[in-house]
Amino acid sequence: MSIHPFSTAYSLSGSRGALAPISATIGRKAGYTLDKSPPHRRAANVFLVKCMKTNMEAGQIRCQNQRLSCGIRQKRGTFFLLHLKTWTSDSNQCKSSGSVRVSGRSSVLQVQREGVWKTVCSEDWNNLLGVSACKQLGYNSYVESFFIPLTSIEQNLQYNLVSISLSHNLSQSQTIQLQNATTFSKTQCTSGRVTTLKCLECGFRPKYTMTRIVGGNISRPGQFPWQVSLHFNSEHLCGGSIVTSFWIVTAAHCLFGFTNQSMWRVHVGQTEQPVHGAQSLAVEKMIFHARYRPKGLDYDIALMKLSKPLDFDGFVEPICLPNYGEEFEQGTECWISGWGATEDEGETSVFLRSAMVPILSTKTCNQPEVYQGLISPWMVCAGYLEGGTDSCQGDSGGPLACEDSSLWKLVGATSWGIGCAVRNKPGVYTRITRSLSWIRQHMEVSP
Ligand code: ARG
């Protein structure tokens, strides 16, 4: 018998029959109770450690009925599933740890039920559910939901369907956890339509009019309104991208070792490096991926939360996060921007500069003469094998942005490279589609 590792089974089950569920509190090593004898206690121990080690990595641990749950398979004669349910009342992690996502090129809404991602049919959908879904995704805004034919979306999003309805009346100000609403699994949407979700107006450049580009690749005001400059101790260290009024996406290596958040300032809406003392925003919270290690290259992703929300005015605008499952093909023309060095080991630039770089496939980038297999699923390469145009020191954390049917999306965060603009050594960027569930988990809505 093969058991899906994230099936609904709450308990141990398998050829030896169902065993009792195990409960535990994450983070408190000795605090769990086991209702079975030592072998199971041992199993649960291993299990708990594994759960904690994965640090809420999507798929390993998920939210179910406001509990964090985590499952692995253990071999014991035949496979059985051990399902640990935990609940962290003192953390918000469960609120947004991946029971809602927006998928595919049409931004269809999916909810996770019983460990399976299901596309939401249009029937019974309402705006209050939309507001709730956006909150769970980390937005404090909601724009719209509209409905599109089931047959118009990607095949793999069509198989598992669900309709959601509010079982009880809620007042306008209340929101719910979508996974707590009443859902009906479906094989077909009665309406033939599915729900799309838009939480934020993003990816537009309202104050940018394409005129003749003056001064080569120096950027014009409003051209990259999501670009920020992160200052530590009044010095530009890294770039970043605005994704909501509160949150900046950047690279973990920018923040690692500089965790004193009172020393950071976020400069927005600028193209020139500000003179000392210029106005900037304070940082309330910094989070970097728990698996990031300074000696490694993976998980180079971080979030900064601003102490007060940004006003979007055309010179300051959010960039869209991509949807789950969206791929940006080799050759897609994207843009990098930043105040980084204009040559290897050079100085930070005074002006915001930018360049068009095509996406390179991981296969190309992993070739022996390029990065020899160093490129992991957490990375995306962009640039030119012949060299000449690239990001460089000081650009890290900043955007690799691609325009996708007139919306700009954040595809990468500048991460690393060997030298700058060197032949066969293109820029490597943290892959945002891979980082999405981590970003969602941590971008919880502030009250
Ligand atoms: N790690 C660099 C930084 O901290 C970014 C390097 C990008 N390098 C490249 N060749 N694309 O700013």
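All ligand and atom numbering here is 1-based and tracks the order in the structure. If you're wondering where the values come from, they're calculated on a predicted model, not measured in any experiment.
- No side-chain donor-acceptor contact under 3.5 Å links Gln227 to the backbone of Phe224.
- Of the heavy atoms in His253, only side-chain atoms (C-beta onward) come closer than 4.0 Å to ligand 1.
- A salt bridge links Arg431 to Glu327: one of the charged nitrogens lies within less than 4.0 Å of a carboxylate oxygen.
- Below 3.5 Å of separation, one finds an N or O of Asp390 facing an N or O of ligand 1.
- If you look at Val422 next to ligand 1, there are no close heavy atoms at all, none under 4.0 Å.
- Ligand-side atoms of ligand 1 in range of Asp395: 12 (O), range being under 4.0 angstrom from any heavy atom.
- Taking a cutoff of 4.0 Å between a charged side-chain nitrogen and a carboxylate oxygen, Glu326 and Lys409 qualify as a salt bridge.
- Heavy atoms of Ala251 stay at 4.0 angstrom or farther from ligand 1.
- Interatomic distance, Asp395 CG to Leu400 CG, rounded to the nearest 0.5 Å: 11.5 Å.
- Atoms of ligand 1 found under 4.0 Å from any heavy atom of Gly427 (numbered from 1 in listed order, with element): 11 (N).
- Considering all non-hydrogen atoms of both residues, Ser241 and Val228 come closest at N-CG2, 4.2 Å.
- The shortest heavy-atom contact between Trp264 and Val283 is CB-CG2, 3.9 Å.
- Evaluated by nearest non-hydrogen atom to atom 3 (C) of ligand 1, the leading choice among Cys238, Cys392, Ser396 is Ser396.
- At a 3.5 angstrom cut-off on N or O pairs, Gly394 counts as close to ligand 1.
- Checked against Val102 for a side-chain contact (heavy atoms from CB on, under 4.5 Å), the options Leu321, Leu436, Leu197, Thr196 give a single hit: Leu197.
- Geometric assessment of Lys425 against the ring of Tyr371 yields a positive cation-pi assignment under the 6.0 Å and 45° thresholds.
- Checked against a 3.5 angstrom limit, the closest N/O atoms of Thr414 and ligand 1 fall outside it.
- Heavy-atom contacts of Gln393 reach the following atoms of ligand 1: 3 (C), 12 (O) (cutoff under 4.0 Å).
- If you look at Pro426 next to ligand 1, there are no close heavy atoms at all, none under 4.0 Å.
- With a 6.0 Å cutoff to the six-membered ring centre and a 45° limit on the axis angle, Arg101 counts as a cation-pi contact of Trp117.
- The nearest heavy-atom contact from the protein to atom 9 (C) of ligand 1 is Ser391 O, 3.2 Å.
- Proximity of Gly419 to ligand 1 is established by a heavy-atom distance of less than 4.0 Å.
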